[in-house]
Amino acid sequence: MTLRLYDTRSRAKRKFRTLVEGEVGIYVCGITPYSPSHIGHARQAIAFDIIVRWLRNSGYKVNYITNFTDIDDKIISIANDEKVHFLEVANRNIDDYFEVMDLLNVLPADAYPRVTETIPEIISMISRLIVSENAYASSDGVYFEINSAPEKYGQLTGQTLEMVQEGAGGRVTETGSGKKNHRDFALWKFAKEGEPYWDSPWGKGRPGWHIECSAMSLEYLGEKFDIHGGGSDLIFPHHEAEIFQSECCLNHEPVVQYWIHNGMINVDGEKMSKSLGNFWTIRDAISKVHPLELRYCLINAPYRQPVEFNDVMLEDSSSHYRRLISAYGEGLSLCEKKPWENSEFLKSTSTNFSNGMNDDFNTRVAIVEVQSVVKYLKEKIDENNSEEISASVSWLSYHAGSILGLLPNDESIIDEINQKNAAKSAISDIVNDLLKQRTIARDNKNWQRADEIRSELNEMGVIVEDSPDGPIWRIK
RNA sequence: GCAUGGGUGGCAGAGUAGCUAUGCAGCGGACUGCAAAUCCGCGGACCUGGGUGCAAAUCCCGGCCUGUGCUCCA
């Protein structure tokens, strides 16, 4: 089955064909680092991380670019409040971003361009748009003129210029002071008193929001590239603006072959947002659960669907994750990994997994297959079938680990097992002694005493389970 | 209002025409002094009204509900 992906512009799943055989250029709009990253950022980063992992494992050479908008009104305002340089605010949040992404097992992109390091390219692009008469300078900045290319309007949203002219329920009527038309958007904003600025042919100022992505994608991926991604809330106006800028500047279309957009995070059925107060930072979430449990939660729905996020979902994912990791760890400690292609069962689950991923990166289908292999592995562990244990472990290592990124590296899993074993042996004498007492109590049908000992052990962090062959214990 | 998605069992969430999705939860059973774990089994769904088909959750038309966008936003 060949890869098909949903293209926002065509509003349909399309067969994936790259501009250059075997190579993929992908640009994803990144964050504006004015505050610590939230789980929406995590959702997006993980979604595209998995997309890139899948493309690479499908044999493509991928060039994955995602940017930082390290100058904007909010950053400036926070910097002013704190009386620090605006880059201090941006850098501290970018550091936070990299730290949490690493915890979430998000592999680094190939480049992280920043607006403040792309100013010459942005200026050059604006100049070209002025020359081609798609843009004009005015009293407070340089604007893109929508009426210079009206046919490009609504390529992603399906709205026509006429429709929007009706007015968005009367709300979008305000025309920026220097704009000819209220739908024109800023390419360059002149600096007001006390704002950071760069020199330009039109005056001191800074780039508008949209032009950076056109400039950076051009710089890193060229005049045409395969995939442009971002959150679905960027479709309008940001990505439509990019289409105007890039296509008018480069004078060809389409610049982007496939537009893909991830869905938002919902809390109580509504989009997570600061104004609603239903806001989770990544650090909030990983203070409650392991980062990979959060990752599991965020790929439980296919990337285009909204993810319903709350404590229940999070706990649900935690238990799924623990099931996965404990079976995998146990298998890993029992045998070496061996190829799984000889197992009929694993071969067919692998096919299902691939079909799911090839169908617009359906991680939900992929997870179902992972769950079924976890179940299979547990069975094989019970049966002591080392061939199938080895094969299942390596199946999981590839599918759940390399592709979905849900497994820590093997060393740390083994480490953790060893630590637990060490902790276990440190207290085994005392535990065994107590268990012996408990067994005597049970033989005498002294249930009260037996339960006392069990809860005593429980307080020590030891879980006792009575099996037909006598009591089994483990550390919580 | 306009645009664009979606409405599947208690929850999450696959499935675009015919065959058990799956997981969690629930129920019943095995095993248990009890509990836990494990195993076996079970039930339960396709918003609504029409239409096309031998056959529709799946295609077509209408209605209702709902998310998102139209303003900074991943």
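None of these values were measured; they are calculated from a predicted model. The chains referred to below are lettered A, B, ... by the order of the sequence lines, with proteins before strands, and numbering in each begins at 1.
The nearest whole Å value for the distance from the NZ atom in Lys375(A) to the C1' atom in C39(B) is 10 Å. Taking atom CZ on Phe361(A) and atom C1' on G13(B), their separation rounds to 20 Å, with Å as the unit. As a whole-Å value, the separation of Phe353(A) CZ from A14(B) C1' is 15 Å. Taking atom CD1 on Ile463(A) and atom C1' on U38(B), their separation rounds to 15 Å, with Å as the unit. One can place CE of Met264(A) at 22 Å from P of U66(B), the figure rounded to the nearest angstrom. Straight-line distance from the CG atom of Asn310(A) to the C1' atom of A12(B): 10 Å, rounded to whole Å. Atom CD1 of Ile235(A) is separated from atom C1' of U68(B) by 9 Å (rounded to the nearest Å). If you take CG of Leu234(A) and C1' of G69(B), they are 11 Å apart, rounded to a whole angstrom.
Rounded to the nearest Å, the gap between the P atom of C47(B) and that of G9(B) is 8 Å. Nucleotides G67(B) and G53(B) place their C1' atoms 33 Å apart, quoted to the nearest Å. Distance noted for atom P between C24(B) and A37(B): 12 Å (whole Å). Atom name C1', nucleotides U52(B) and C42(B): the rounded distance is 37 Å, in whole Å. Comparing C46(B) with G69(B), their C1' atoms are spaced 29 Å from each other, to the whole Å. G13(B) and C70(B) are spaced 24 Å apart, taking the P atom of each and rounding to whole Å. One P atom belongs to G44(B), the other to A21(B), and the distance between them is 11 Å to the nearest Å. Taking atom P in both C11(B) and U48(B), one finds a spacing of 16 Å when rounded to whole Å.
Base engagement by Gly263(A) is indicated by at least one non-hydrogen atom pair under 4.0 Å involving a base atom. At the heavy-atom level, Arg438(A) lies under 4.0 Å from base atoms of the strands shown. As judged by a 4.0 angstrom heavy-atom cut-off over every strand, Ile39(A) is placed among residues making no nucleic acid contact. Using a 4.0 Å heavy-atom cutoff across all strands shown, Arg364(A) reaches at least one base atom of the nucleic acid. Heavy atoms of Asn362(A) sit under 4.0 angstrom from primed sugar atoms or phosphate atoms, though from no base atom. Counting any heavy atom pair closer than 4.0 Å across all strands shown, Glu369(A) reaches no nucleic acid atom. Nucleic acid contact for Pro237(A): none, since no nucleic acid atom lies under 4.0 Å from a heavy atom of the residue. Residue contacts shown for Gln371(A) are limited to sugar-phosphate atoms, with no base heavy atom under 4.0 Å away. Among the atoms of the strands shown, base atoms are found under 4.0 Å from some heavy atom of Val464(A). Using a 4.0 Å heavy-atom distance criterion, Arg11(A) is classed as a sugar-phosphate-only contact. Here Gly40(A) lies in heavy-atom contact (under 4.0 Å) with a base.
Of the candidates A74(B), C34(B), G13(B), the closest approach to any side-chain atom of Thr32(A) belongs to A74(B). Side chain of Lys271(A), nearest nucleotide from C34(B), G69(B), A36(B): G69(B). Nearest to the side-chain atoms of Phe236(A) among the listed nucleotides C70(B), C34(B), G13(B) stands C70(B). Closest to the Met313(A) side chain, of the nucleotides A12(B), G13(B), C2(B), is A12(B). Closest approach to the Asp359(A) side chain among U22(B), G15(B), A35(B) is made by G15(B) (side chain taken as heavy atoms from C-beta onward). Considering only side-chain atoms of Arg442(A), the nucleotide from G23(B), A36(B), C34(B) that sits closest is C34(B). Looking at the side chain of Asn300(A), the nearest of the listed nucleotides A74(B), C72(B), A12(B) is A12(B). Nearest to the side-chain atoms of His320(A) among the listed nucleotides C24(B), A21(B), A37(B) stands C24(B). Closest approach to the Gln159(A) side chain among A14(B), C2(B), A74(B) is made by C2(B) (side chain taken as heavy atoms from C-beta onward).
Remark: A12(B) base-pairs with U22(B). Criterion, Watson-Crick or G-U wobble with two distances under 3.5 Å. Nucleotide C70(B) is matched to G1(B) when pairs are restricted to Watson-Crick or G-U wobble geometry with both distances under 3.5 angstrom. Shown here, A30(B) forms a base pair with U38(B); the pair counts as Watson-Crick or G-U wobble because both key distances fall under 3.5 Å. A 3.5 Å limit on both hydrogen-bonding distances identifies U48(B) as the Watson-Crick or G-U partner of G62(B).
Using a 3.5 Å distance cut-off with no hydrogens or angles, the side chains of Arg4(A) and Asn358(A) do not pair a donor with an acceptor.
Summary of the strand contacts: Tyr6(A) and His38(A) both lie near RNA chain B, and taking for each the nucleotide with the nearest heavy atom, the more 5' one is attributed to Tyr6(A). Residue Ala450(A) is the one, among Ala450(A) and Ile31(A), whose nearest nucleotide of RNA chain B lies closer to the 5' end (criterion: closest heavy atom).
A salt bridge does not link Lys192(A) with Asp140(A): every distance from a Lys NZ or Arg NE/NH1/NH2 to an Asp or Glu carboxylate oxygen is 4.0 Å or more.
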**Q.** side-chain hydrogen bond (donor to acceptor under 3.5 Å, both in side chains) evaluation trace for Asp72(A) with Thr32(A)
**A.** CA-CA 8 Å; Asp72(A) 98 311; Thr32(A) 301; 5.0 Å; no
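By the stacking rule of 5.5 Å between ring centres and under 30° between planes, Trp447(A) stacks on the base of G33(B).
Between the side chain of Asp466(A) and the base of C34(B), at least one donor-acceptor pair of N or O atoms lies under 3.5 Å. Interface remark: the Arg323(A) side chain does not form any donor-acceptor pair with the C24(B) base, using a distance-only criterion of under 3.5 Å.
With Glu330(A) contributing its side chain and Ile381(A) its backbone, the two residues share no donor-acceptor pair below 3.5 Å. No side-chain donor-acceptor contact under 3.5 Å links Ser350(A) to the backbone of Leu346(A).
A parallel orientation is assigned to the rings of Tyr321(A) and His290(A), their planes being inclined by less than 30° (bins at 30° and 60°).
To the nearest 0.5 Å, atom CG of residue Leu292(A) and atom CG of residue Leu298(A) are 11.0 Å apart. Going from atom CZ of Arg53(A) over to atom OH of Tyr64(A) covers 11.0 Å, rounded to the nearest 0.5 Å.
Taking the O4'-C1'-N9-C4 or O4'-C1'-N1-C2 dihedral as appropriate, G53(B) has a value within 90° of 0 and is therefore syn.
Residue Tyr27(A) is tested with Asp226(A), Asn67(A), Thr66(A) for a side-chain hydrogen bond (donor to acceptor under 3.5 Å, both in side chains); the sole match is Asn67(A).
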